[in-house]
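As the structure is a computational prediction, the values presented were derived from the model and not from experiment. Just so you know, these numbers use all the heavy atoms, side chains as well, and skip hydrogens, waters and symmetry mates.
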Amino acid sequence: MSKPTIVQCPQCKVDVIWSAEESPFRPFCSKQCQMIDFGEWADEENAIAGAPDMSDSDGWSEDQY
């Protein structure tokens, strides 16, 4: 039998077994850590880096010149 995959909870760093049966909130250790992380995303404390927004104020337009 193979060893289970172990990951760290992104919130509190506790070891979590990567298994739906044993860790239904994976990669989080608990619903509490999952909700703390969700709140950080909702409050825009976390973000995925991407291209800057293009808006009309940047001189970009779909109109032909």
Side-chain angles (χ1 to χ4, degrees):
M1 188 166 156
S2 63
K3 281 180 32 179
T5 300
I6 305 290
V7 298
Q8 281 190 332
C9 173
Q11 197 63 39
C12 70
K13 308 302 183 211
V14 165
D15 287 344
V16 177
I17 296 173
W18 192 267
S19 163
E21 296 82 30
E22 294 183 47
S23 305
F25 303 107
R26 67 183 194 273
F28 303 99
C29 65
S30 65
K31 183 71 171 178
Q32 180 179 358
C33 281
Q34 185 185 51
M35 295 309 292
I36 290 169
D37 185 75
F38 177 72
E40 290 172 355
W41 284 97
D43 288 341
E44 297 183 359
E45 294 173 26
N46 295 339
I48 297 174
D53 290 338
M54 296 292 287
S55 67
D56 291 335
S57 65
D58 296 330
W60 182 85
S61 175
E62 291 181 5
D63 297 331
Q64 298 270 331
Y65 289 97

Please enumerate all residues that pass side chain to side chain contact (heavy atoms under 4.5 Å, CB included) together with Q32, with sequence neighbours excluded. S30, I36
Heavy atoms only: give me the nearest C29-C9 pair and the separation to one decimal. N-SG, 3.6 Å
Who passes side chain to side chain contact (heavy atoms under 4.5 Å, CB included) against K13, sequence neighbours left out? Q8
Taken in chain and number order and not counting sequence neighbours, the residues that satisfy side chain to side chain contact (heavy atoms under 4.5 Å, CB included) with P10 are P27, F28
By side chain to side chain contact (heavy atoms under 4.5 Å, CB included) - contacts of E45 (at least two apart): E40, D43
Residues clustering with I6 (ILVMFWY side chains joined when closer than 4.5 Å, directly or via others): I17
R26 and A20: which non-hydrogen atoms are nearest, and at how many Å? NH1-CA, 2.8 Å
Distance from Q11 atom CD to F38 atom CZ, nearest 0.5 Å? 13.5 Å
Starting from W18, walk the hydrophobic network (Ile, Leu, Val, Met, Phe, Trp, Tyr; side-chain heavy atoms closer than 4.5 Å) and list everyone else you reach, by chain and number. V7, V16
